[in-house]
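Input: a single structure, listed below in structure tokens.
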Number of protein chains: 2
Amino acid sequence: MSTVRGARERARIEVTAAIKDEAKKQLMAEGAAKLSLRAVARELGMASSALYRYFPSRDELLTALIVDAYDSVGESAEAAHRTARAEAATHVARWIAVTRAVREWALAHPHEYALIYGSPVPGYTAPQATIGPASRVGLVLIAVVADAYRTDGLALPPLADDLRAEADRMVAEFAPGLPPQAATPLIAAWSQLFGLISFEVFGQFHRVVEDREAFFREAVTELARTVGLLGGGAARRPAGTAGP
Amino acid sequence: MSTVRGARERARIEVTAAIKDEAKKQLMAEGAAKLSLRAVARELGMASSALYRYFPSRDELLTALIVDAYDSVGESAEAAHRTARAEAATHVARWIAVTRAVREWALAHPHEYALIYGSPVPGYTAPQATIGPASRVGLVLIAVVADAYRTDGLALPPLADDLRAEADRMVAEFAPGLPPQAATPLIAAWSQLFGLISFEVFGQFHRVVEDREAFFREAVTELARTVGLLGGGAARRPAGTAGP
DNA sequence: CCAATAACAAGAGCACTGCTCTTGATTTTG
DNA sequence: CAAAATCAAGAGCAGTGCTCTTGTTATTGG
């Protein structure tokens with residue numbers, strides 16, 4: 001189905017791409033709220049009504065941009081993982097490299113980030129087409145931990161009883177081969193990573209965190225510990241700083 | 001300045017409250033994107049132009065709702081803290097109670113939550129009026145850890161060198177009396193808490209996490225560990241689950 | 001007490017928006 | 001080559017935020 005049948009079909013995918021490109025430009029410049037179908041059409045020199053032949057509604061256009069954004073950040077994470085693996089970096093270093101790549105993508109594309117990890121703009125339920133691309137970053141994080149498990153094992157606390165079934169299901173579904181203890185810490189770290197990034201991108205760290213690079217590195221290193229990496233490192237908990 | 005001068009002033013605060021109430025109703029029902037000044041005016045039986053005597057723009061109305069939302073979730077967190085303290089709960093139990101209260105508020109008010117912890121809707125920078133209410137939840141978390149520090153001390157890893165100055169500034173500014181090692185773990189846990197909640201509220205856990213209560217409890221217990229609570233508990237890191 | 005002043009409500013109107021329907025031109029297909 | 005599908009464009013609808021103008025109240029100073 002990769003052959004283009006005629007001039008019409010060729011023009012169609014070309015115009016579709018042009019619409020998405022212009023929409024991305026407006027998204028980058030002004031954010032999702034200000035994205036206007038009429039403005040896109042105006043910039044492309046066509047009637048606004050003609051645009052509905054390519055995207056049946058504004059929400060459908062936004063969904064296409066959402067998928068592209070998920071793919072973009074997923075690609076960044078995967079690229080960082082590839083290079084870290086090629087450099088034979090430690091598993092913690094790979095974890096940090098991947099999370100750093102996600103953070104840097106978010107800072108470079110704040111509006112796209114807000115589109116996919118901020119408030120869901122169109123309706124409530126994410127369209128089916130987004131769930132695949134949406135999981136790419138999570139899969140990379142799983143891969144890092146799975147690699148570490150295979151070579152060094154993981155340092156993890158025992159599994160809570162009431163999460164046994166949940167954890168078994170999770171590893172069976174998303175991370176075959178990982179021990180069940182790794183499941184909930186991994187999912188938690190995944191969401192917490194985006195908590196760190198969201199607070200930075202959305203300005204919640206304004207006048208709170210200044211050296212954000214160092215702060216982030218420290219936070220994700222701790223996150224690496226909670227998913228079982230860094231188990232054989234230095235003593236985790238030195239004698240507590242005693243109270244008064 | 002609490003005395004109401006005349007019928008005019010009394011009517012003014014009454015109408016202002018009515019506008020905010022109706023706006024909150026629409027926000028709750030449809031979300032921030034669908035909130036319409038004209039619809040609010042229509043529902044209140046007044047002309048849309050009359051509304052501009054009370055709020056100079058739609059964004060100003062939204063800002064008022066943002067402040068109220070921050071106050072609402074802050075109040076929930078503070079109430080949970082008060083009752084946990086009154087019951088002489090352990091510090092970890094207090095931590096869990098506060099985080100649970102925030103989560104439950106978020107699940108009960110998803111649109112308000114999205115308004116304050118999702119993508120920033122109006123412009124880019126948060127108005128000055130929001131920074132005070134916005135910090136209330138964070139202050140409660142700090143209070144929990146500060147109490148624990150005073151009575152039991154905290155179990156924290158040593159401070160990284162490149163975060164020394166940052167940590168000193170943080171504790172001086174937001175958490176006087178806390179040791180500098182507590183600063184960055186606390187800020188990180190604060191943002192990560194909202195990562196957990198955002199993923200649940202925004203549907204990212206759909207078909208990933210099923211038993212969300214148990215998962216959340218486990219995740220915030222781990223978060224309690226990273227901020228230094230639970231230091232004297234069971235062994236943190238048992239022998240790793242060895243790899244193949 | 002009454003006029004000057006300020007605050008108010010309402011209406012009309014502007015420039016937008018998403019979206020639909022109809023009309024006419026173009027391309028693909030039987 | 002004719003029939004059918006696809007496309008572009010215009011007009012139009014209902015809705016939005018916001019402004020300006022015109023009256024109408026309530027508060028205030030002389």
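Keep in mind the model is a prediction, meaning the values are calculated, not measured. Lettering follows sequence order; numbering is per chain, from 1.
Here the side chain of B:R58 is nearest to one of C:dC19, C:dT17, D:dC18, namely D:dC18.
Nucleotide C:dC16 holds its C1' atom 14 Å from the CD atom of A:E30, rounded to whole Å. Taking atom CD on B:Q26 and atom P on D:dG17, their separation rounds to 9 Å, with Å as the unit. The interatomic distance linking B:L44 (CG) with C:dA10 (P) rounds to 11 Å, in whole Å. Between the CD atom of A:E60 and the C1' atom of C:dC19 there is a distance of 14 Å, rounded to whole Å. Atom-to-atom, CD of A:E43 to C1' of C:dT17 comes out at 17 Å; the value is rounded to the nearest Å. Per the geometry, CG belonging to A:D59 stands 13 Å off C1' belonging to C:dT17, to the nearest Å. As rounded to whole Å, 12 Å separates atom P of D:dG17 from atom NZ of A:K34.
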*Check against side chain to side chain contact (heavy atoms under 4.5 Å, CB included), B:E200 and B:V209*: CA-CA 9 Å; B:E200 182 169 355; B:V209 182; over 6 Å; no

*Please assess A:F174 against A:L186 for the test side chain to side chain contact (heavy atoms under 4.5 Å, CB included), listing each intermediate value before the final yes or no.*
CA-CA 11 Å; A:F174 310 112; A:L186 200 36; over 6 Å; no

_salt bridge (charged side-chain N to carboxylate O under 4.0 Å, His left out) between B:R12 and B:E9, intermediate numbers included_ = CA-CA 5 Å; B:R12 175 166 190 83; B:E9 202 152 334; over 6 Å; no

*Tell me, with the steps shown, if A:E75 and A:R136 meet salt bridge (charged side-chain N to carboxylate O under 4.0 Å, His left out).*
CA-CA 8 Å; A:E75 176 58 41; A:R136 288 178 67 171; 3.4 Å; yes

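With rounding to the nearest 0.5 Å, the separation of CZ in B:F199 from CZ in B:F194 is 15.0 Å.
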Enumerate the protein-to-nucleotides 5-8 of chain C contacts in which both atoms are nitrogen or oxygen and the separation is below 3.5 Å.
unit_1, atom_1, unit_2, atom_2, d
C:dC8, OP1, B:R12, NH1, 3.0
C:dC8, OP2, B:R12, NH1, 3.1

For nucleotides 13-15 of chain D, give me every protein contact, N/O to N/O, under 3.5 Å, one pair per line with atom names.
none

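Without hydrogens or angle criteria, A:E166 side chain to B:E210 main chain gives a donor-acceptor distance under 3.5 Å.
A heavy atom closer than 4.0 Å to some atom of DNA chain C occurs in A:S48, A:S49, A:Y52, these being the qualifying members of residues 45-52 of chain A.
Between B:F202 and A:Y117, the ring centre distance reaches or exceeds 6.0 Å.
Within 6.0 Å of the CZ atom in A:R100, the count of heavy atoms belonging to other residues, nucleotides or ligands does not exceed 12.
Comment: A:R85 does not engage A:E78 in a salt bridge, judged by the lack of any side-chain N to carboxylate O separation of less than 4.0 angstrom.
For the side chain to side chain contact (heavy atoms under 4.5 Å, CB included) with A:T99, the lone residue among A:L196, A:I197, A:T221, A:L193 that qualifies is A:L193.
For the residue pair A:Y113 and A:S198, a side-chain donor N or O sits within less than 3.5 Å of a side-chain acceptor on the partner.
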